[in-house]
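Each chain gets a letter, A, B and so on, in the order the sequences are listed, and its residues count up from 1. Here the structure is a predicted model, which is why all the values come from computation and not from measurement.
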There are 2 protein chains.
Amino acid sequence: MERTAEHTSTAVDDYLKSIFHLTRGSVRAGTRDIADALRISQASVTAMLKKLAAMEPPMVDYRKREGVVLTKHGEKRALSVIRHHRLLETFLYQTLGYSWDEVHDEACRLEHVISDRFEEGLVKLLGNPTHDPHGDPIPDHKLRLGRTATEALSALHPGDRVVVERVDDKDAELLRYLAGKSVLPGRRILVLSRSNFDGNLSLQVSGCRGKVVLGPEIAERIFVRLDR
Amino acid sequence: MERTAEHTSTAVDDYLKSIFHLTRGSVRAGTRDIADALRISQASVTAMLKKLAAMEPPMVDYRKREGVVLTKHGEKRALSVIRHHRLLETFLYQTLGYSWDEVHDEACRLEHVISDRFEEGLVKLLGNPTHDPHGDPIPDHKLRLGRTATEALSALHPGDRVVVERVDDKDAELLRYLAGKSVLPGRRILVLSRSNFDGNLSLQVSGCRGKVVLGPEIAERIFVRLDR
DNA sequence: ATTCCGACTTAGTTGAGACTAACTTTCAAC
DNA sequence: GTTGAAAGTTAGTCTCAACTAAGTCGGAAT
C-alpha cells in the first residue's frame with residue numbers, strides 16, 4: 001500500500017550483489033560477467049554502472065572498458081542484502097519447512113523488502129545463526145563476513161577425509177541431485193579415487209551406503225574443509 | 001536476483017486492494033477515493049483503471065465518470081493479496097514479536113512478494129488463523145472472506161456491553177494510542193455515557209481501571225459485537 | 001438558465017530500467 | 001601488421017507507473 005521509495009531499488013541491490021560475488025578472487029568484474037549473472041543485456045549493465053558510479057555516495061568504482069569494483073558503501077549495501085538473503089534462507093528452511101532447493105528463489109524476492117525490524121526478529125527467532133542451509137556464512141550485524149577456509153571438492157586426492165561445508169546455491173536442480181546423494185553440509189566424505197580419464201571422483205559419504213561418483217564440474221561447486 | 005516478471009505487479013495489487021475496500025458498502029469506487037487512498041494523482045488512477053479493464057481477463061468493470069467495481073477475477077486477486085497481508089500481520093505479531101502498530105507497513109511490502117509455498121508455510125506455522133491481530137478476518141484458502149457481524153463503537157448507547165472485534169489498521173498512531181488505553185481486540189467494554197455536546201463516549205474497559213474517553217472520529221474506527 | 005465547483009479525463013512528460021542495433025576497443029592468432 | 005572475434009559502449013526505443021496542466025462533465029445553488 002505505502003508507496004515509500006526505498007533508498008536503493010531492487011535492481012540496484014541485484015547489481016551490487018552480483019558485483020560483490022564476481023569480485024571475490026578476480027580484481028574487477030566485467031560488463032559481460034554481470035550481464036550473464038543477471039541475465040540481461042550488456043548495454044543495460046553499462047547504463048546501470050554509470051548510475052551506480054554517479055550516486056551520492058558512489059556505490060562502485062567504474063572505469064570504461066576496465067570493469068567495476070564496489071566502493072566501501074557499495075560493499076556495505078551488498079553485504080546487507082546478502083545478510084538478509086542468508087537469514088531468510090535459514091528461516092525458510094528451519095521455520096517454514098522449505099526444502100534445501102526451494103529457499104534460494106524465495107529469499108531473492110524477499111531480501112529487498114524486509115526492514116531492519118524484520119531482520120532483528122529473524123535473528124532473535126533463529127538464535128543468531130552464522131551459516132545458511134547451504135553452508136554459506138551470514139554476515140554479522142556489523143556486516144563483517146565470516147570466512148570458512150574451504151577448498152573445492154574437485155581439488156582433493158584419494159584418501160582425503162573432509163566435511164562438506166557449503167554448496168553453490170544457485171542451481172536448484174543440482175541441490176536436489178546432491179540431496180538425493182546425501183551430499184549436504186555437515187556430512188563427512190572419504191575420497192576413494194579419482195579417474196585419470198574423465199576426472200570423476202568416487203566418494204564414500206557418511207550415513208550413506210555405496211559410493212557416490214561425481215563429475216568434475218559438480219565437484220567444483222562443493223566446498224569442504226579437512227576432517228579433524 | 002531472478003528477474004521473474006510477476007503476473008500482476010505491486011501497483012496493480014494495490015489498486016485492486018483499494019477498490020475492494022472502497023466498494024464495501026458503496027456500489028462503485030470513484031477515481032478521487034482511490035487517488036486519496038493510494039496518495040497518488042487522479043490522472044494516474046484514470047490511466048490505471050483503463051489498464052485494469054483492458055487486461056485479459058479484465059480485473060475491473062470501469063465506466064467513465066461512473067466509477068469502478070472489481071470483476072470476479074479482480075476480487076479473487078484482491079482477496080489473495082488481503083489473505084497474504086493478514087497472514088503476514090499475524091506472523092509478524094505472533095512469531096517475530098512485532099507490536100500492534102508495526103505490522104501493517106511491513107505486511108504491505110511483503111504481501112506482493114511471497115509465494116504460495118510461503119503462504120502455506122505460514123498457515124501451518126500459525127495453525128490456520130482466522131483473524132489478524134487487529135481482528136480483521138483472514139480470507140480462507142478458497143478466498144472466502146469470513147464475516148463478523150460488527151458495528152462501529154460510535155453507534156452505541158450508554159449501558160451497552162460489547163467486545164472489541166476489530167480496529168481500523170491503517171493508522172499506526174491511532175493503534176498506539178488505543179493500545180495505551182487497552183482498547184484491543186478481545187477486550188470487553190461497557191459504555192458509560194455519551195456527550196450530547198461533542199459526541200465523546202465514556203467507556204469502562206475490562207482490565208483497566210478508570211474510564212476511557214474517545215472522540216466520535218475514533219469511535220467510528222473501532223468495531224465491536226455485543227457481549228453475551 | 002447560468003454559474004461554479006469538484007470530480008473526472010486527456011494530453012504530454014518524466015524517470016527507471018530494460019531492450020536492439022550499430023559502432024569501437026582490445027587482443028590473440030595468423 | 002592485419003584481421004576477426006569478443007567485450008564494451010553509444011544511441012535510440014520501449015514499457016510501466018507516476019506526474020502536471022489543461023480541459024470537460026454534471027449537479028447544486030443561485
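Residues passing the ring-ring contact (aromatic ring centres under 6.0 Å, His included) test with B:His84, sequence neighbours excluded: none.
One interatomic measurement links the two molecules: CE of B:Met48 to C1' of D:dA17, which rounds to 6 Å at whole-angstrom precision. Between the CG atom of B:Leu38 and the P atom of D:dC16 there is a distance of 19 Å, rounded to whole Å. With rounding to whole Å, A:Leu52 atom CG is found 10 Å from C:dA18 atom P. The CG-P distance, from B:Asp33 to C:dA7, rounds to 9 Å in whole Å. Atom pair B:Lys51:NZ and D:dC16:P shows a separation of 6 Å (rounding to whole Å applied).
Looking only at distances, a side-chain donor or acceptor of A:Arg86 sits under 3.5 Å from a matching main-chain atom of A:Pro137. For the pair A:Thr8 (side chain) and A:Asp13 (backbone), a donor-acceptor distance under 3.5 Å is absent.
Of the side-chain N and O atoms in A:Tyr15, none sit less than 4.0 angstrom from OP1 or OP2 of C:dA16. For D:dT10, neither phosphate oxygen OP1 nor OP2 lies less than 4.0 angstrom from any side-chain nitrogen or oxygen of A:Thr46. Close to D:dG8, at under 4.0 Å from its OP1 or OP2, lies no side-chain N or O of A:Tyr62. Remark: A:Lys50 is in phosphate contact with D:dT10, judged by side-chain N or O atoms under 4.0 Å from OP1 or OP2.
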Show the distances under 3.5 angstrom between N or O atoms of the protein and N or O atoms of nucleotides 20-28 of chain D.
| unit_1 | atom_1 | unit_2 | atom_2 | d |
| --- | --- | --- | --- | --- |
| D:dT24 | O2 | B:Arg65 | NH2 | 3.2 |

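In this structure, the nucleotide among C:dA7, C:dA16, C:dA18 sitting nearest to the side chain of B:Arg32 is C:dA7. Counting only heavy atoms from C-beta on, A:Ser9 has its side chain closest to C:dG17 among C:dA18, C:dT9, C:dG17.
Under a cutoff of 6.0 Å and an axis angle of 45°, B:Arg24 and B:Phe20 form a cation-pi pair.
To the nearest 0.5 angstrom, A:Tyr98 atom OH is 13.5 Å from A:His104 atom NE2.
By the 30° and 60° cut-offs, the orientation of the rings of B:Phe91 relative to B:Phe118 is perpendicular.
Looking at heavy-atom distances under 4.0 Å, A:Lys64 makes contact with sugar-phosphate atoms alone, never a base.
Donor-acceptor pairing under 3.5 Å is lacking for the side chains of A:Asp136 and A:His85.
Between A:Asp171 and A:Arg221 a salt bridge is recorded (basic side-chain N to carboxylate O distance below 4.0 Å). Between B:Glu111 and B:Arg83 there is no salt bridge, since none of the side-chain N atoms of the basic residue sits less than 4.0 Å from a carboxylate O of the acidic one.
Inter-axis angle, ends of the helix from C:dA1-D:dT30 to C:dC30-D:dG1, five pairs per end, rounded to 10 degrees: 20°.
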